[in-house]
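As a basis for the values below, the full set of heavy atoms in this structure was taken, side chains included, without hydrogen atoms, waters or symmetry mates. Note on naming: letters A, B, ... go to the chains in the order of the sequence lines (proteins, then strands), and numbering restarts at 1 for each one. Keep in mind that what you see is a predicted model, and the values were worked out from it rather than measured.
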Protein chains: 2
Amino acid sequence: MDLLTLESLPPQLRQLISYRELEPGEALFQQGDEAIAFFVVETGRLRLVRYSSDGKEVTFQITRSGESLAEIALFSNNYPCAAVAELSSRVIVYPKQPLLSALRNYPDLAEDFMAMLIGKIHDLKVRLELRHIRAAHERVLRYLRYIADPSEQTVVTFDRPLKDIAADIGLTPETLSRALARLEREGKIRRTRLQILLQNSSAA
Amino acid sequence: MDLLTLESLPPQLRQLISYRELEPGEALFQQGDEAIAFFVVETGRLRLVRYSSDGKEVTFQITRSGESLAEIALFSNNYPCAAVAELSSRVIVYPKQPLLSALRNYPDLAEDFMAMLIGKIHDLKVRLELRHIRAAHERVLRYLRYIADPSEQTVVTFDRPLKDIAADIGLTPETLSRALARLEREGKIRRTRLQILLQNSSAA
DNA sequence: CGCATAGTTGACTACGCTCAACCCTGGTGG
DNA sequence: CCACCAGGGTTGAGCGTAGTCAACTATGCG
């Protein structure tokens, strides 16, 4: 959903981008490193972690394929967190200065970029809104409706383990499992192997 | 932090912006309204609420003076939520189409705008990260350190009721109160009337 | 001098987390 | 072809902690 569409990428910039392959556990950059590029994950998954003053590490964000990371690098001198590959990953590297000037010179690119940023803001807001719902089963139901909504479908198909979904919405796998079971008991959803069918969900 | 600096606003656009005064409780726009403008709160405070299919209302975001709202309007046809003034407020209205063309034509403006969006993303990420901390007192401590950090200060002064702070970080006022009391008992903070002093917080 | 609102404290409840056991599936190798 | 194994998923029992409801205090304002 927050893909940087490369269609509008001007040829000059296209020559400047490069790729980087990462092994699991390998770092793309460290907290405090000079910010020299902006990235988009092509395949794999990266974890952004922040080391706080007391040395504890906090996961800032998980970035999956198609998503961007370190946008802040464009207007900041250093990375505020470290990025580490969780799986073998391949990321597209957009060098900071060339990207900035491309954004200045190619309004189409800038517009796509802004649209992407705004989509990301919306997505973050939705995820934050989700966290306000205490009851696990209601949170899950709203989440399901949210991801079903754009597609106008009432069927949700997961492409990753439920435990990942659980982490995404701030629940443990056990609680998610119980919530889904409860929703099914209450007739709100129906489950087949990998899919979830929303019932009577007069979607907004 | 996510102010749209108006310095770079070209004269043509400057003529097109207007202002709107809102009484407490008055709506700036309703959910589903055609998206015709993007806004910045000059004074006051607005609440963005979303009405879900089951009629329950969910606060999407609180927008305070200096902050922008409804960026999504620029690339979307309708507002996904309603905006209601909590206090007497004055908002700057940037009509959508003129702003879009200004962003295309004035790279400085576009750059400022992008920087603002990226700052907003960062802020949202931080707030989401906060929610992952279960223990109330630890969440509060991290929150305090976060808002103290930029100013290099170890003193935090609140300009709004604690109950608002509590809602912001996803706690009830009672729990926040207890968390602050506990932090004080443990010597992590010191409280005066309106200020909180962080102790030994070797700030990052 | 009340009144409204914010903040604090207490008692109780509820629900999500933790730990643990168990089931089920898919893959591997004998 | 079956035995085994690993991982995800489910289910159960118990605990901890944030929410809820309520009472009380403090503050600011008419």
Side-chain angles (χ1 to χ4, degrees), chain A residues 24 45 58-59 62 64 86-88 127-144 156-186 188-197, chain B residues 24-25 45 47 56-59 62 64 86-88 127-144 156-186 188-197:
Chain A
R45 191 168 73 224
V58 183
T59 297
I62 306 289
R64 296 189 177 74
E86 289 196 325
L87 316 171
S88 297
R127 291 172 65 177
L128 207 45
E129 175 198 356
L130 262 190
R131 298 302 178 90
H132 288 190
I133 305 173
R134 316 248 157 240
H137 62 284
E138 290 187 13
R139 187 188 298 177
V140 170
L141 189 55
R142 186 180 300 280
Y143 171 77
L144 291 172
V156 177
T157 310
F158 292 124
D159 58 334
R160 57 205 172 104
L162 284 185
K163 71 202 259 303
D164 286 15
I165 310 283
D168 245 34
I169 59 182
L171 297 173
T172 58
E174 295 94 325
T175 304
L176 174 58
S177 175
R178 280 185 251 261
L180 288 171
R182 171 166 176 181
L183 289 172
E184 196 167 21
R185 254 198 336 269
E186 292 175 350
K188 306 272 182 56
I189 64 171
R190 235 186 172 68
R191 280 198 283 176
T192 62
R193 179 61 57 98
L194 292 160
Q195 296 188 326
I196 292 184
L197 175 65
Chain B
R45 191 169 73 223
R47 178 187 294 271
K56 283 183 67 173
E57 81 170 39
V58 184
T59 298
I62 306 289
R64 296 187 177 74
E86 289 196 325
L87 317 170
S88 297
R127 292 172 63 178
L128 206 46
E129 175 199 356
L130 264 189
R131 297 304 177 88
H132 287 195
I133 304 173
R134 314 242 158 247
H137 62 283
E138 290 188 13
R139 189 188 298 180
V140 170
L141 189 56
R142 185 178 298 280
Y143 171 77
L144 291 172
V156 177
T157 310
F158 293 124
D159 58 334
R160 58 205 172 104
L162 283 186
K163 69 201 259 306
D164 287 15
I165 311 280
D168 244 36
I169 59 181
L171 297 172
T172 58
E174 295 93 326
T175 304
L176 175 57
S177 176
R178 279 185 252 261
L180 287 172
R182 170 166 176 181
L183 289 172
E184 196 167 21
R185 253 198 337 269
E186 293 176 350
K188 307 271 182 56
I189 64 171
R190 237 189 169 66
R191 281 198 283 176
T192 62
R193 178 61 55 98
L194 291 161
Q195 296 187 323
I196 292 184
L197 175 64

Revision key, fill the gap. To the nearest angstrom, the CD1-P distance between A:I133 and D:dG19 comes to 15 Å

Review point. Using rotation axes that map the C1' atoms of four end pairs onto the next four (five pairs an end), what angle separates the end axes of the helix from C:dC1-D:dG30 to C:dG30-D:dC1, to 10°?
Key: 30°

Point to revise | Nearest listed nucleotide, side chain of B:L162, among D:dG9, D:dT11, C:dT8 | key: C:dT8

Point to revise | Between CD on residue A:E129 and OH on residue A:Y143, distance to nearest 0.5 Å | key: 14.0 Å

Check your understanding: When rounded to the nearest 0.5 angstrom, what distance separates CD1 in B:I196 from NZ in B:K188?
Key -> 14.0 Å

Exercise for review: Return the value, rounded to whole Å, for the distance between atom CZ of A:R131 and atom P of C:dG16.
Suggested key: 13 Å

Check your understanding: Tell me, which of residues 167-178 of chain A have any heavy atom that sits under 4.0 Å from an atom in DNA chain C?
Key -> A:G170, A:L171, A:T172, A:E174, A:T175, A:R178

Exercise for review: Could you list the residues that satisfy side-chain hydrogen bond (donor to acceptor under 3.5 Å, both in side chains) with A:R190, not counting sequence neighbours?
Suggested key: none

Practice item. Can you tell me the distance, in whole Å, between the CZ atom of B:F158 and the C1' atom of C:dG7? Key: 14 Å

Review point. Who passes side-chain hydrogen bond (donor to acceptor under 3.5 Å, both in side chains) against B:R182, sequence neighbours left out?
Key: B:H137, B:E186

Study note, to complete from the structure: Protein-proximity profile, nucleotides 21-26 of chain C, B/S/- by nucleotide at the 4.0 Å heavy-atom cutoff, equals -----S

Exercise for review: Using a heavy-atom cut-off of under 4.0 Å over every strand shown, decide if A:R139 touches base, sugar-phosphate, or nothing.
Suggested key: nothing

Exercise for review: Could you tell me whether A:R160 contacts a base, only the sugar-phosphate backbone, or nothing, with contacts defined as non-hydrogen atoms closer than 4.0 Å?
Suggested key: nothing

Revision key, fill the gap. A:E184 atom CD is separated from D:dT10 atom C1', nearest whole Å, by 12 Å

Report each atom pair, protein N/O against N/O of nucleotides 5-7 of chain D, whose distance is under 3.5 angstrom.
none

Point to revise | Length of the CD-P vector between B:E138 and D:dA18, whole Å | key: 10 Å

Point to revise | Distance in Å, B:L183 CG paired with B:L141 CG, rounded so as to fall on 0.5 Å steps | key: 5.5 Å

Review point. For B:R131, which residues count as a salt bridge (Lys or Arg N to Asp or Glu O under 4.0 Å) partner, sequence neighbours excluded?
Key: none

Side-chain polar contacts of residues 156-166 of chain B - donor-acceptor pairs under 3.5 angstrom, sequence neighbours left out - could you list them?
from, atom 1, to, atom 2, distance (Å)
B:T157, OG1, B:Q195, NE2, 2.9
B:R160, NH2, B:D168, OD2, 3.2
B:D164, OD2, B:R45, NH2, 3.4

Exercise for review: Please name all residues satisfying salt bridge (Lys or Arg N to Asp or Glu O under 4.0 Å) with A:R134, sequence neighbours left out, ordered by chain then number.
Suggested key: none

Review point. Do you know which two heavy atoms are closest between A:E138 and A:I133, and how far apart they sit?
Key: CB-CG2, 3.8 Å

Review point. D:dA18, C:dT8, D:dT11: which one has an atom nearest the side-chain heavy atoms of B:R191?
Key: C:dT8

Please tabulate, for side-chain N and O atoms in residues 169-178 of chain B, each donor-acceptor pair with protein atoms closer than 3.5 Å (sequence neighbours left out).
from, atom 1, to, atom 2, distance (Å)
B:T172, OG1, B:T175, N, 3.3
B:T172, OG1, B:T175, OG1, 2.8

Practice item. Write down the atom of A:A179, the atom of A:V140, and the distance for their closest heavy-atom approach. Key: CB-CG2, 3.9 Å

Review point. Can you tell me how far P of C:dA6 sits from CG of B:L180, to the nearest Å?
Key: 17 Å

Review point. Taking atom P of D:dG8 as reference, at what distance in whole Å does atom CG of A:D159 sit?
Key: 15 Å

Practice item. Tell me which nucleotide among D:dG19, D:dT10, D:dT11 gets nearest to the side chain of A:R134. Key: D:dG19

**Study point:** Distance, rounded to the nearest Å, where B:D164 contributes CG and C:dG7 contributes P
**Key:** 8 Å

